[in-house]
Amino acid sequence: MMIPRGKALLAGAVALATVGALAGCSSSAGATSDGKVHIVVAPVLPGATADALKALAGRVKEFEKANPDIDVKAIEYQWTGTTFAAELAGGTLPDVFNVPFTDSKTLANNGQLANITKYFDKTATAKKWNEKVLDVAKNDKGDVFGIPWGPYAMALSYNRDLFQKAGLDPDKPPTTLDEIQQDAKVIAQKLPGVAGYMQMTQSNTGGWELATLTQSLGGKLETVGADGKVTVTTDNDQTKQALAWLHTLRWGDDSMGSNFLYDWSGINEAFAAGKIAMYMSGSDVIGSLMQANGFDQSKYGVTTFPLASGADAGILSGGNVDVVNVKDTPEQQAAAVKWIDFYRTQPTVDKDAAIANAKTLQAGNQAVNAPTLPVFDKATWEQNQEWIKPYANIPAGNIKPFNDGIWSQSISPEPPRHTQDLYGALDSVVQAVLTDKNADTTKMLQAVDAKIQALVDADAKSQ
């Protein structure tokens with residue numbers, strides 16, 4: 001799921017170009033008469049803060065000083081699936097740009113991104129990656145087509161103040177779906193007007209969170225056969241179990257409030273306003289809550305989302321992948337990987353870069369130690385946390401349940417084909433369960449299967 005995220009605001013541009021002025025922005029000529037390799041990078045979405053722009057300007061200078069043969073120009077740019085093909089064909093893509101987890105593998109398999117395996121293998125951290133995270137940037141043959149960054153695991157966010165007011169211990173958050181249900185019921189009964197628990201339901205987020213529930217119970221919305229054939233399988237026992245759980249919270253316990261039409265920004269706003277005590281979101285959502293909603297991070301609590309005991313149960317993960325323009329020269333591809341490694345990866349493993357990054361986040365009142373899905377081993381993560389500890393602005397105890405629990409959770413990637421179409425189709429299913437006590441979930445899920453399977457099959461025929 002491509003979700004705006006708190007830490008993404010950190011990235012900014014040096015010599016900013018507007019999105020509308022991207023024509024010819026890729027420096028496809030590579031090395032020019034000045035003897036340098038020129039690359040255009042897009043680490044910032046439109047509307048970055050002044051502090052973020054200033055921070056990146058310094059980072060670019062550092063990079064160019066260490067790599068005097070590379071010239072970097074940064075621009076504003078936002079990748080969208082609907083415009084990507086036209087930009088690729090028109091030669092208007094930057095040399096480095098960002099795509100979501102949901103699309104990176106498909107683009108790699110389609111040959112629409114540069115194969116950067118040989119350049120990636122030269123990075124100092126190539127052998128340290130969590131393979132389950134790196135896999136989203138590989139094609140089916142195992143070649144590397146990008147470098148992931150800022151991955152998140154779906155988690156349970158909760159308001160510690162509301163827990164205390166309801167007589168619950170905020171240091172002992174729920175560890176099972178049953179406990180979420182029990183705590184949500186207590187909160188709704190003791191704090192009128194507060195939803196004990198709620199999920200998103202609009203703009204593809206309803207399907208995204210239903211996928212999380214399904215996979216936490218050991219199910220899949222899509223399966224991939226040995227022959228590579230993808231079968232859409234939303235009409236499965238685990239998805240029905242997930243919908244039944246939501247039905248009980250809504251109709252049996254009346255613990256989900258009265259608004260059942262939330263998107264990502266809407267539910268964040270309601271949570272920050274104290275209208276929701278618990279909700280499912282990415283583990284790093286505190287960054288956005290602080291920046292966009294002015295939420296007091298001392299009230300924030302987060303824990304891992306409960307997983308069933310079966311071997312197939314896993315937590316849905318997502319994030320971003322920095323990729324390279326497939327039309328770039330080998331020299332540009334090598335330079336691009338150096339930039340991505342420097343800008344995205346080194347702050348995790350390099351002390352000076354980690355501290356500089358933490359100082360910038362702290363100065364901009366952005367989340368310094370927001371919990372994320374670790375991309376490397378535990379020792380590397382713990383060292384990074386020690387480096388940034390003096391600048392951390394989220395109480396360590398508040399995020400301890402997540403940081404302690406994430407290491408034992410299996411990672412379960414998002415459905416691989418027509419992900420956003422699938423999520424959008426499932427929005428109405430989730431909404432129906434929360435607004436119609438007698439909704440026929442089996443019939444609705446079968447309709448979703450037929451609709452999305454047709455799209456998947458059409459892709460297969462065209463290849």
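As a basis for the values below, the full set of heavy atoms in this structure was taken, side chains included, without hydrogen atoms, waters or symmetry mates.
Using a 4.0 Å cut-off between a side-chain N of Lys or Arg and a carboxylate O of Asp or Glu, Lys127 and Asp121 do not qualify as a salt bridge. Here Lys240 pairs with Asp235 in a salt bridge; the nearest charged N to carboxylate O distance falls below 4.0 Å. In summary, Lys138 and Glu131 engage in a salt bridge, as defined by a charged side-chain N under 4.0 Å from a carboxylate O. Between Asp457 and Lys229 there is a salt bridge, since a side-chain N of the basic residue sits under 4.0 Å from a carboxylate O of the acidic one. In this structure, Lys105 pairs ionically with Asp135, as a charged nitrogen and a carboxylate oxygen lie closer than 4.0 Å.
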Determine whether Trp149 and Asp322 satisfy the following criterion, side chain to side chain contact (heavy atoms under 4.5 Å, CB included), listing intermediate values before the conclusion.
CA-CA 7 Å; Trp149 61 273; Asp322 267 6; 3.0 Å; yes

Chi angles and distances behind the side chain to side chain contact (heavy atoms under 4.5 Å, CB included) call for Tyr197, Asp253
CA-CA 11 Å; Tyr197 176 83; Asp253 300 342; over 6 Å; no

Decide side chain to side chain donor-acceptor pair (under 3.5 Å) for Asn109 and Asp140; before the verdict, give the C-alpha distance in whole Å, the side-chain angles of both, and the deciding distance to 0.1 Å.
CA-CA 7 Å; Asn109 282 325; Asp140 291 342; 3.3 Å; yes

Show, in sequence, the C-alpha distance, side-chain angles and deciding distance for Val323 and Phe145, and conclude whether the side chain to side chain contact (heavy atoms under 4.5 Å, CB included) test is met.
CA-CA 6 Å; Val323 297; Phe145 284 76; 5.7 Å; no

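Phe120 and Trp129 have tilted rings, their planes meeting at an angle from 30° to 60° on a 0 to 90° scale.
Closest heavy-atom contact between Gln291 and Gly364: NE2-O, 2.9 Å.
You'll find the side chain of Ile406 reaches within 4.5 Å of the side chain of Pro374, heavy atoms only. Side-chain contact between Gln385 and Trp387: absent, with no pair of heavy atoms (C-beta onward) separated by less than 4.5 Å. Side-chain contact between Leu221 and Leu426 is present, with heavy atoms from C-beta onward closer than 4.5 Å. Annotation: side chain of Val285 is in contact with side chain of Ser157 (closest heavy-atom distance under 4.5 Å). Using a 4.5 Å heavy-atom threshold, the side chains of Ser317 and Tyr152 count as separate.
Proximity of the aromatic rings of Phe271 and Phe295 is defined here by a centroid distance below 6.0 angstrom, and this criterion is met. Between Phe376 and Trp381, the distance separating the two ring centers is not shorter than 6.0 angstrom.
Put simply, CG on Asp427 and CH2 on Trp208 are 11.5 Å apart, with the number rounded to the nearest 0.5 Å. The OG1 atom of Thr212 sits 4.0 Å away from atom CE of Met154, with the distance rounded to the nearest 0.5 Å.
Side-chain contact, Asn393 with Gln362: no donor N or O sits under 3.5 Å from an acceptor N or O.
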